[in-house]
Student: 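Please see the structure below; I have some questions.
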Protein chains: 2
Amino acid sequence: MPAADRGQATGPPTISEVAAEAGVGRATAARTLGGYGYVSPELRERVLAAAEKLGYRANALARSMSTGVSHTLGVIVADIGNPFFAGVMRGISDTSRARGFDTIVLSTYEDLSQEIAATNVLIDKRVDGVIIASAAVRRSEVAHIRAAMDRGIPVVLVDRAVASLDLDSVVIDNRDAARAAVEMLISAGHRRIGFIWGPPAAEAPATRRELLAEASRNLWTDGERLRGYLDALDDARIPFDPQLVMVGRKTEGRATQEVARMLALPDRITAVFCTETEAVTGALRALRAAGLSYPRDVALIGFDDSAWAAVMEPPLTMIEQPVHQLGAKAAEVLLDILDGAEPRREMHTLHSRLIVRSSVAAPALP
Amino acid sequence: MPAADRGQATGPPTISEVAAEAGVGRATAARTLGGYGYVSPELRERVLAAAEKLGYRANALARSMSTGVSHTLGVIVADIGNPFFAGVMRGISDTSRARGFDTIVLSTYEDLSQEIAATNVLIDKRVDGVIIASAAVRRSEVAHIRAAMDRGIPVVLVDRAVASLDLDSVVIDNRDAARAAVEMLISAGHRRIGFIWGPPAAEAPATRRELLAEASRNLWTDGERLRGYLDALDDARIPFDPQLVMVGRKTEGRATQEVARMLALPDRITAVFCTETEAVTGALRALRAAGLSYPRDVALIGFDDSAWAAVMEPPLTMIEQPVHQLGAKAAEVLLDILDGAEPRREMHTLHSRLIVRSSVAAPALP
DNA sequence: CTGTTAGCGCGTTCAT
DNA sequence: ATGAACGCGCTAACAG
């Protein structure tokens, strides 16, 4: 039906062309097509018919230009290839679509410069609000987020809070989740528990104090999980051993190396707690390389449940995050602000769940 | 530095404000900020300083309005939560960013109505080109793609070709990949090989002819993989048994059911070939439920390699797709067209790789 | 009720 | 070399 003869028309049909085709003024066409104001049923029909005939679609850019709003949310995620963020993204897009908003996603791949670039793209495209599930941000590097805020663009953070920013943020109970997992390891009898992974320090901080300082300079999520680990250790009066927490670049390969190292210690680890999926697979590789198996030789608990974790033999005990809900909540908070609600500027905490399967057993007797 | 006093200014600073601040005409400001035309070094400096002072950022919408181009690619993927598509997406965004294009992604979650909506969003936002890695499209339902093409928006398909469309498409050698995998199973001695999953027919087609007809009415990728399976069977003169191909909704749960069914057959399967990750985990669940293990009781090969597949015990033999390259190539083809190259309207085929690990062994003697 | 008109912010002739 | 003026497609305030 589209592609009617529009004479010398070039490009997609405009509202003026529709008006001309229908023999009415631009405004009348605009009113019926825009769904506002009043138009007589008769003219209305003519306009609709003309639009249909020409295959008219409103130019969203032009509309945004004159209204000043784009009905679009910008989303910046750390890594869209990570199932965690993909799930959050789905929550965001489901609820924003339900409320009439499109969403455009940009992935930073954990790189600050890409995060800054992404922020600028969103500012330039005049999105109405921004959700950031990235914050490669080490607390101090938040100028780009400030820039968006200064322009009056509401920003909501997901997963990774940034204390210095005073924004609404939607997160999970990272500290409690980590503590619960480590407690389970402890009550199974473990005392030598590896922590994969910690902050990206160049060298392992010698003291607990330095470690925490380093952690709080970096990714919030990681710091919280580390705190949870320490909480559990403290409660059980197990002394903190800096050799048991991995620091440095967070890659699967390094996780493997570090677990191997901890396994080779004179007083080796009998359990590992992994704060991310790649840390889990890295740890698993180390176990295999060492000829060890879980839960017999080493107990294991990790973050981010998945179908794979359930089909492993034996199946893995994992922490499940409410990914969809995390995204949905963030979108709600943001859309409410766009609807005029006063920003609460607080932390919205959702709850994770420890899914107990079979990767934890008592440590083998020495 | 931004947020200088702009008097009663509301909203982000415009180019006119910058011009005023610098004490020059709008055009001069536009020229220096837009990087075209000629401007004296002196005025140039003043404009730059003013822009810096006001925190000026060009309004991409306004720019697109007057130039008619957005330097933005639209991408429609079937499911951004699927690591396969996430990888493709990364390939697309890496290469388009390198060539100065932003990309906006929309996920359809395999739903045609969402795919249509997504296409419209992209048309309305006036993206310069579209990459579709979805095509929930059952060959016949391509009106929305045609609509985009009719508007002069170049479209490139990835992963899932659509024969009726005559577009450039970037795909892998699905048929050969499947054939190679099944051949490996056959040469290990298997003759009863399950195929998970086939086309979404309501009932299992009784004949091979009907099955292929059904397949070609649906997702291209699935059809090709099925053909590869049949090719291998034919070459080995193994008769086709309709009971061994799963049809219907493609979910992990159904894969589990179907593998369980095939395992319960009088002449049960001794191997499974899975065309997707969820089919693999589904199959694995069925094996466990039946108290069977691989590769001893059942051999297994699946599509889409991942870190998990490598850490399974024993590790899984899988087909690895060049995901990043798939996306990169699609972006290249599209950007070349936008640069004026004549569309080749052909199928660009990349090669997958069978990663041999340990999930295939000879069938146990009956 | 409907048509005319003036912006929205930017790119781009066209004079100066 | 620079500035004034117009147009991109649409919304909205204003007459009529």
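Protein chains get the first letters and strands the later ones, always in sequence-line order, with residue 1 at the start of each.
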Student: Would you mind classifying the nucleic acid contact of B:Ala19 as base, sugar-phosphate or nothing, using non-hydrogen atoms under 4.0 angstrom?
Tutor: nothing
Student: May I ask you to say what A:Leu43 touches in the nucleic acid, namely base, sugar-phosphate or nothing, with a heavy-atom cut-off under 4.0 Å?
Tutor: sugar-phosphate
Student: Whole-Å distance between C:dG9 P and A:Ile123 CD1?
Tutor: 16 Å
Student: Mind running side chain to side chain contact (heavy atoms under 4.5 Å, CB included) on A:Val170 and A:Leu350 for me, showing each step along the way?
Tutor: CA-CA 7 Å; A:Val170 181; A:Leu350 304 184; 4.2 Å; yes
Student: Any side-chain to backbone donor/acceptor pair from A:Arg126 onto A:Ile123? Under 3.5 Å, distance only.
Tutor: yes
Student: Output the distance between atom CG (B:Leu335) and atom OG1 (B:Thr95), rounded to the nearest 0.5 Å.
Tutor: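 Rounded to the nearest 0.5 Å, the CG-OG1 separation comes out at 5.5 Å.
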Student: Expressed as a whole number of angstroms, how long is the span from A:Glu42:CD to C:dT2:P?
Tutor: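 Rounded to whole Å, this separation is 8 Å.
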Student: Over how many whole Å does the gap from A:Arg63 atom CZ to C:dG9 atom P extend?
Tutor: 18 Å
Student: Where the side chain of B:Ala27 is concerned, which of C:dG11, D:dA4, D:dC10 is the nearest nucleotide?
Tutor: D:dA4
Student: Would you mind telling me which of C:dC8, D:dC10, D:dT2 lies closest to the side-chain atoms of B:Val39?
Tutor: D:dT2
Student: Using whole Å, what does the distance between atom P of nucleotide D:dC6 and atom CD1 of B:Ile15 come to?
Tutor: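 One finds 19 Å between P of D:dC6 and CD1 of B:Ile15, rounded.
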Student: Is any side-chain nitrogen or oxygen of B:Ser40 closer than 4.0 Å to OP1 or OP2 of D:dT2?
Tutor: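 Checking D:dT2 against B:Ser40, a side-chain N or O does come within under 4.0 Å of OP1 or OP2.
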Student: Here's a test of your reading of the structure: between A:Ala29 and A:Ala62, which maps to the more 5' nucleotide of DNA chain C?
Tutor: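 Looking at DNA chain C, the more 5' nearest nucleotide goes with A:Ala29.
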Student: Look at B:Thr28 and D:dG3 and indicate whether a side-chain polar atom (N or O) is within less than 4.0 Å of OP1 or OP2.
Tutor: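 Yes, within the criterion.
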Student: When you match A:Pro41 and B:Leu33 each to their closest nucleotide on DNA chain C, which lands nearer the 5' end?
Tutor: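 Whichever sits nearer the 5' end wins; that is A:Pro41.
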Student: Which whole-number value in Å describes the distance from A:Asn59 CG to C:dG9 C1'?
Tutor: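 It works out to 14 Å between those atoms.
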Student: Both B:Arg126 and B:Val24 contact DNA chain D. Which one's nearest nucleotide lies toward the 5' end?
Tutor: B:Val24
Student: Tell me: CZ of B:Arg26 to C1' of D:dG7, nearest whole Å?
Tutor: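 Those two atoms, CZ and C1', are 14 Å apart.
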Student: With distance as the sole criterion, do the side chain of B:Arg31 and the base of D:dG3 form a donor-acceptor contact below 3.5 Å?
Tutor: yes
Student: Please determine, by modelled atom types, if A:Ser16 and A:Arg26 share a side-chain donor-acceptor pair under 3.5 angstrom.
Tutor: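 A pair is found: one side chain offers a donor N or O, the other an acceptor, under 3.5 Å apart.
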Student: To the nearest angstrom, how far is A:Met65 atom CE from C:dC10 atom C1'?
Tutor: 7 Å
Student: Verify, without hydrogens or angle tests, whether B:Arg46 (side chain) and B:Ala22 (backbone) share a donor-acceptor contact under 3.5 angstrom.
Tutor: yes
Student: To the side chain of B:Tyr36, which of C:dG9, C:dT12, D:dA12 is closest?
Tutor: C:dT12
Student: Measure OH/B:Tyr38 against C1'/C:dC14 and give the value in whole Å, please.
Tutor: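 Taking OH of B:Tyr38 and C1' of C:dC14, I get 21 Å after rounding.
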